[in-house]
Amino acid sequence: MKITVQNQNIKITGMDMLVAGTVNVYKVEFTFDNAWDGYSPVAVFEGRAIGKMVTRKVAIDGGKAVIPWETLLPNGYLRIGVYGLKENQRLPTIYTERLQVQRGAEEAEPGALPTPGVIDQILIQTAADREAAENAARQSETSAMAADQDKQGAEDAKNAAELAKEGAESARAGAENARDRAETAAIKQPYPNPETETWWVWDAKKAAYVDSGEHYGGNTLYATFDVDPAAGTLSVYMPTRYSGPLFALNEQTGKLEVSING
């Protein structure tokens with residue numbers, strides 16, 4: 001059912017058949033003009049039958065209200081009105097024309113719950129609004145926590161990617177340095193040094209040649225002798241790093257003596 005409210009006039013623009021015994025089924029949609037701005041509207045449902053009258057008030061929520069079952073009297077009629085409250089002002093409408101109520105196959109009174117009054121409806125709606133607000137707040141907190149976790153996860157992933165990048169760059173630099181040292185070592189071949197009579201090799205870490213300590217003539221060194229018959233002399237030559245037996249001429253005995261290093 002649809003009802004249009006213009007100032008204090010009220011008109012039914014969409015009609016449903018009404019049957020007694022129907023509970024929480026019939027919904028009325030209200031449309032208000034600008035005269036109702038700022039008002040809290042309440043629908044008044046008045047049911048009449050021979051020797052009986054029932055009136056119920058229902059707060060209009062979101063432009064809608066449910067027809068109370070108590071006002072649907074068998075073989076009676078229903079009228080609907082509206083009033084609005086704003087601070088100390090009260091704005092009532094006239095009633096609609098009579099709406100016929102047909103007798104239903106089953107009465108509603110024995111088992112149906114009574115329609116709550118306006119104050120009870122407001123309290124119920126307030127509790128529902130409070131619960132909805134609390135649920136929305138909890139959902140908002142959950143969403144905020146999820147957003148923070150997503151943000152932290154993104155930052156952790158970014159940091160991990162940066163560390164991986166730094167590690168890759170360091171590894172690449174190390175590989176390039178190792179390659180450069182290997183190429184330099186391949187070019188810098190060992191050479192014999194006449195001054196030390198040893199092989200000198202390239203040290204990649206020091207980036208310079210160093211004495212290997214290895215004699216370039218071999219590890220076995222010999223003492224050599226030279227006899228001059230004309231002069232009657234015997235000369236001995238022992239090369240650098242010679243570590244074999246030592247030779248000397250004993251002037252008193254005129255004999256050549258050898259000393260074995262032990």
Side-chain angles (χ1 to χ4, degrees), residues 1-140:
M1 182 181 298
K2 295 183 179 180
I3 292 179
T4 299
V5 180
Q6 295 179 333
N7 202 345
Q8 292 182 288
N9 292 314
I10 186 169
K11 182 179 180 180
I12 297 175
T13 58
M15 179 64 183
D16 292 329
M17 181 177 66
L18 301 178
V19 178
T22 304
V23 179
N24 295 331
V25 173
Y26 300 129
K27 295 181 176 62
V28 182
E29 296 183 6
F30 294 87
T31 301
F32 296 89
D33 65 3
N34 295 336
W36 287 78
D37 290 348
Y39 282 91
S40 299
V42 177
V44 181
F45 298 90
E46 181 185 273
R48 287 179 179 266
I50 298 176
K52 189 173 184 180
M53 183 182 74
V54 177
T55 301
R56 293 289 185 271
K57 298 178 181 179
V58 178
I60 299 175
D61 184 20
K64 297 180 181 181
V66 177
I67 298 178
W69 64 269
E70 299 97 328
T71 61
L72 300 174
L73 301 177
N75 298 325
Y77 64 87
L78 175 70
R79 297 194 306 171
I80 303 173
V82 176
Y83 69 87
L85 300 175
K86 181 172 67 174
E87 298 178 353
N88 62 344
Q89 297 179 350
R90 182 186 180 95
L91 181 64
T93 68
I94 60 175
Y95 275 108
T96 63
E97 64 270 24
R98 295 180 178 184
L99 303 174
Q100 186 67 36
V101 179
Q102 305 295 327
R103 177 177 292 277
E106 183 179 3
E107 298 296 330
E109 291 187 12
L113 295 175
T115 300
V118 174
I119 298 300
D120 291 336
Q121 294 171 37
I122 294 174
L123 292 176
I124 293 172
Q125 185 60 43
T126 300
D129 292 343
R130 182 173 62 251
E131 182 177 359
E134 291 175 351
N135 290 336
R138 285 193 292 269
Q139 183 63 35
S140 178

Donor-acceptor contacts under 3.5 Å from residues 73-81 side chains, at least two apart:
residue: Tyr77; atom: OH; partner: Arg98; partner atom: NH2; Å: 3.4
residue: Arg79; atom: NE; partner: Glu46; partner atom: OE2; Å: 3.2
residue: Arg79; atom: NH2; partner: Glu46; partner atom: OE2; Å: 2.8

- Message: Surrounding CD of Glu87 (heavy atoms of other residues, nucleotides or ligands, distance under 6.0 Å), is the total greater than 12?
- Response: no
Atom pairs and distances, donor-acceptor, side-chain atoms in residues 1-16, under 3.5 Å, two or more places apart:
residue: Gln8; atom: NE2; partner: Pro92; partner atom: O; Å: 2.8
residue: Thr13; atom: OG1; partner: Lys2; partner atom: O; Å: 3.2
residue: Asp16; atom: OD2; partner: Met1; partner atom: N; Å: 2.9

- Item | Intermediate values then yes/no, side chain to side chain contact (heavy atoms under 4.5 Å, CB included), Ile60 and Val82 | CA-CA 9 Å; Ile60 299 175; Val82 176; 4.2 Å; yes
- Query: For Leu91 and Tyr83, what are the C-alpha separation, side-chain angles and deciding distance, and is it a side chain to side chain contact (heavy atoms under 4.5 Å, CB included)?
  - Reply: CA-CA 5 Å; Leu91 181 64; Tyr83 69 87; over 6 Å; no
- Rounded to the nearest 0.5 Å, how far does CZ of Phe30 lie from NZ of Lys64? 12.0 Å
- Within the distance-only criterion (no hydrogens, no angle test), does the side chain of Tyr26 pair as donor or acceptor with the backbone N or O of Val19 below 3.5 angstrom? yes
- Task: Report the C-alpha separation of Ile67 and Val25 in whole Å, then their side-chain angles, then the decisive distance to 0.1 Å, and conclude whether the side chain to side chain contact (heavy atoms under 4.5 Å, CB included) test is met.
- Result: CA-CA 8 Å; Ile67 298 178; Val25 173; over 6 Å; no
- Do other residues, nucleotides or ligands put more than 12 heavy atoms under 6.0 Å from the NZ atom of Lys86? yes
- With sequence neighbours excluded, what pairs up with Phe32 under the ring-ring contact (aromatic ring centres under 6.0 Å, His included) test? Trp36
- Does atom CG of Asp37 have more than 12 heavy-atom neighbours, drawn from other residues, nucleotides or ligands, at distances under 6.0 Å? yes
- What's the verdict on side chain to side chain contact (heavy atoms under 4.5 Å, CB included) for Leu72 and Phe45, showing C-alpha distance, side-chain angles and the deciding distance? CA-CA 9 Å; Leu72 300 174; Phe45 298 90; over 6 Å; no
